[in-house]
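The structure appears right after this line, and notes come after that.
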Amino acid sequence: MPKSQILGTGSYVPQKILTNHDLEKMVDTTDQWIVERTGIRERRIAAPDEASSDMAAAAGRKALEMAGVKPEEVDLLVVGTISPDMPLPSCAAFVQAKLGLERAAAFDISAACAGSLYGLSIADKFISAGQHQRVLVIGVELLSRVVDWTDRNSCVLFGDAAGAMLVGPSQGERGILSTHLHSDGRLAEILCIPGGGSRHPTSEATVKERLHYVHMNGREVYKVAVRSLSDAFAEALAFNGLRPGDLQHVVAHQANLRILEAVLKRFDIPMSRCWLNLEKYGNTSTASLPMTLDEANRAGGLKAGDLIGMMAIGGGMAWGSGIVRW
Ligand code: UT7
């Protein structure tokens with residue numbers, strides 16, 4: 001019997017659209033290359049006066065409204081992000097204040113694109129322990145501020161967005177059946193922002209060497225992603241005694257269409273079961289899983305009792321899977 005369930009979802013994207021054709025004017029790339037290699041056509045870019053906490057609060061508010069939960073009822077706020085408003089305090093502190101979550105403990109988790117799945121797992125465990133009743137999990141990323149707009153290998157991939165899930169105790173059969181989380185820190189350097197921390201504190205030299213931007217070995221990340229997501233997905237199915245065909249939906253981190261196609265092919269799951277939005281929003285890192293869930297939910301695509309397979313991977317490397325009965 002599941003112990004917790006998702007009671008509401010929400011998402012937010014900024015208004016400004018940056019298309020592949022816009023990018024053709026910025027770096028040596030083409031719309032065709034980006035579409036063929038990633039499936040992405042456009043992404044959203046936050047307004048200059050927008051920070052991560054603004055986007056996170058907007059998504060969180062919608063999840064609360066959908067769940068019919070008042071801000072003062074939330075007792076835990078978990079924000080997944082690698083692009084917080086500032087290094088100290090947490091992004092969650094600002095979100096807590098903006099949403100008026102006066103009773104909630106609030107903290108950030110850093111698991112990059114896997115952050116929302118990590119957050120969902122944390123919510124599930126806190127609720128299972130019996131001490132928390134209403135946990136708001138938000139994934140937010142304002143990557144347009146930390147990507148190198150001269151690096152065609154990475155800048156064409158990412159977009160800004162936030163997604164949220166309000167989690168509470170489950171009723172009946174509905175709920176989070178499992179989450180499985182993994183990490184391999186030996187792979188830290190294939191996707192990282194080297195500058196601005198204790199290793200390379202911000203200085204004129206780090207700025208000159210562009211160390212405060214995302215550095216990525218895309219090919220390596222791709223290989224690890226296909227392998228790790230497949231393993232984690234198999235683990236989730238086996239744990240629940242399910243076959244791939246039992247799943248009505250796949251809601252996954254939207255990194256690259258080819259990654260998702262490669263993973264689902266291994267399980268013989270048709271792409272028609274996989275909710276996609278990366279064409280419109282690009283890779284929004286930890287925002288993408290809850291944002292995709294919210295789109296599916298608001299489109300009326302998720303029916304009571306449906307089984308949803310989840311998976312996500314990001315810098316760390318950190319990855320995981322989950323199964324939810326809607
Ligand atoms: O959420 C996790 C975050 N990261 C990811 O998900 C990234 C995972 N990796 C990927 O999605 C893919 O590896 C990329 C989309 C980043 C790259 O696709 P790829 O098929 O692995 O291309 P590649 O890195 O093997 O590069 C192929 C060629 C290279 O040129 P040469 O050396 O063959 O002449 C690149 O320089 O494509 C070139 N290239 C580009 N060309 C046009 C790299 N980026 C671009 C670009 N436009 N934007």
(message) Taking CD in E72 as the centre, count heavy atoms belonging to other residues, nucleotides or ligands within less than 6.0 Å. Is the count above 12?
(response)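 Yes, because the 6.0 Å sphere around CD of E72 holds more than 12 heavy atoms from other groups.
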
(request) Give a yes or no on whether R210 atom CZ has more than 12 heavy-atom contacts from other residues, nucleotides or ligands under 6.0 Å away. (result)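 Yes, because the 6.0 Å sphere around CZ of R210 holds more than 12 heavy atoms from other groups.
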
Do the non-hydrogen side-chain atoms of [X] and [Y] ever get within less than 4.5 Å of each other?
X: L187; Y: D184; result: yes
X: H215; Y: I193; result: no
X: P290; Y: V137; result: no
X: W33; Y: L23; result: no
X: M26; Y: W149; result: yes
X: L157; Y: M216; result: yes
X: V214; Y: L191; result: yes
X: L64; Y: E73; result: no

(message) My understanding is that only one of L278, I17, V35 makes a side-chain contact (heavy atoms from CB on, under 4.5 Å) with R41; could you say which?
(response)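 Passing option: V35.
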
(request) Run through D160, T284, I82 and flag the one making a side-chain contact (heavy atoms from CB on, under 4.5 Å) with E141. (result)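 Answer to the side-chain contact (heavy atoms from CB on, under 4.5 Å) test with E141 among D160, T284, I82: I82.
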
Main chain of [Y], side chain of [X]: is a donor-acceptor contact present, judged purely on distance under 3.5 Å?
X: D294; Y: S11; value: yes
X: Q133; Y: P169; value: no
X: D108; Y: C91; value: yes
X: S228; Y: A225; value: no
X: Q248; Y: L307; value: yes
X: E50; Y: P14; value: no
X: D151; Y: V147; value: no
X: S83; Y: L142; value: yes
X: D75; Y: R134; value: yes

(request) Please determine if K62 and E65 form a salt bridge, counting it only when a charged side-chain N lies under 4.0 Å from a carboxylate O. (result) no

(request) Salt-bridge test for K280 and E295: reply yes if a basic N is under 4.0 Å from a carboxylate O, no otherwise. (result) yes

Donor on one side chain, acceptor on other, [X] and [Y], under 3.5 Å:
X: H200; Y: T206; answer: no
X: D124; Y: S121; answer: no
X: S116; Y: T286; answer: yes

For residues [X] and [Y], report the shortest heavy-atom separation together with the two atoms involved.
X: C113; Y: A312; result: O-CB, 3.8 Å
X: M291; Y: Y12; result: SD-O, 4.4 Å
X: M66; Y: T9; result: SD-N, 3.4 Å
X: D22; Y: T19; result: OD2-N, 2.8 Å
X: V13; Y: A161; result: CG1-CB, 3.9 Å
X: R43; Y: V156; result: NH2-O, 2.7 Å

Distance (rounded to the nearest 0.5 Å) between [X] [atom1] and [Y] [atom2]:
X: L18; Y: C155; atom1: CG; atom2: SG; result: 8.5 Å
X: L143; Y: N283; atom1: CG; atom2: CG; result: 7.5 Å
X: D148; Y: H212; atom1: CG; atom2: NE2; result: 8.0 Å
X: F233; Y: M311; atom1: CZ; atom2: CE; result: 4.5 Å
X: I190; Y: N217; atom1: CD1; atom2: CG; result: 6.5 Å
X: R273; Y: H249; atom1: CZ; atom2: NE2; result: 9.5 Å

(request) Could you check S53 against K98 for side chain to side chain donor-acceptor pair (under 3.5 Å), going step by step and ending with a plain yes or no? (result) CA-CA 8 Å; S53 66; K98 283 182 177 141; 2.5 Å; yes

(message) What verdict does the salt bridge (Lys or Arg N to Asp or Glu O under 4.0 Å) test give for E42 and K16, after you've listed the backbone C-alpha separation in whole Å, the side-chain angles of each residue and the deciding distance to 0.1 Å?
(response) CA-CA 10 Å; E42 56 188 47; K16 185 181 169 189; over 6 Å; no

I'd like to know if [Y] and [X] are part of one continuous hydrophobic network [Ile/Leu/Val/Met/Phe/Trp/Tyr, side-chain heavy atoms within less than 4.5 Å].
X: L136; Y: Y118; value: no
X: V79; Y: V135; value: no
X: L289; Y: I6; value: yes

(request) Evaluate the criterion side chain to side chain donor-acceptor pair (under 3.5 Å) for residue pair K125 and T179; output intermediate values, then yes/no. (result) CA-CA 10 Å; K125 304 298 183 289; T179 54; 3.1 Å; yes

(request) Go through the steps for L237 and R243 under the test side chain to side chain contact (heavy atoms under 4.5 Å, CB included), then give the verdict. (result) CA-CA 6 Å; L237 290 168; R243 287 163 298 146; over 6 Å; no

(request) Start with the C-alpha gap between D28 and R152, add the side-chain angles, then the distance that decides, and say whether salt bridge (Lys or Arg N to Asp or Glu O under 4.0 Å) holds. (result) CA-CA 7 Å; D28 181 15; R152 70 175 184 172; 3.6 Å; yes

(request) Would you sort out whether R219 and N153 count as a side chain to side chain donor-acceptor pair (under 3.5 Å), showing the intermediate values? (result) CA-CA 10 Å; R219 226 172 276 182; N153 291 297; over 6 Å; no

(request) Quick one: do T292 and Q254 satisfy side chain to side chain contact (heavy atoms under 4.5 Å, CB included)? Show the steps, please. (result) CA-CA 8 Å; T292 308; Q254 313 272 307; 3.6 Å; yes

(request) Take D231 and R227 through the salt bridge (Lys or Arg N to Asp or Glu O under 4.0 Å) test and state the conclusion after the steps. (result) CA-CA 6 Å; D231 290 350; R227 190 178 65 233; 5.3 Å; no

(request) List the steps, then state whether side chain to side chain contact (heavy atoms under 4.5 Å, CB included) holds for I323 with I308. (result) CA-CA 6 Å; I323 305 275; I308 305 171; over 6 Å; no

(message) Can you classify the ring geometry of F126 versus H132 as parallel (below 30°), tilted (30 to 60°) or perpendicular (above 60°)?
(response) perpendicular

(message) side chain to side chain contact (heavy atoms under 4.5 Å, CB included), that's the test. Do H182 and W319 meet it? Break it down for me.
(response) CA-CA 5 Å; H182 297 278; W319 67 93; 3.4 Å; yes

(message) Run the side chain to side chain donor-acceptor pair (under 3.5 Å) test on N256 and T38 for me, step by step, so that the C-alpha distance in whole Å, both residues' side-chain angles and the decisive distance to 0.1 Å come before the verdict.
(response) CA-CA 5 Å; N256 181 323; T38 71; 5.7 Å; no

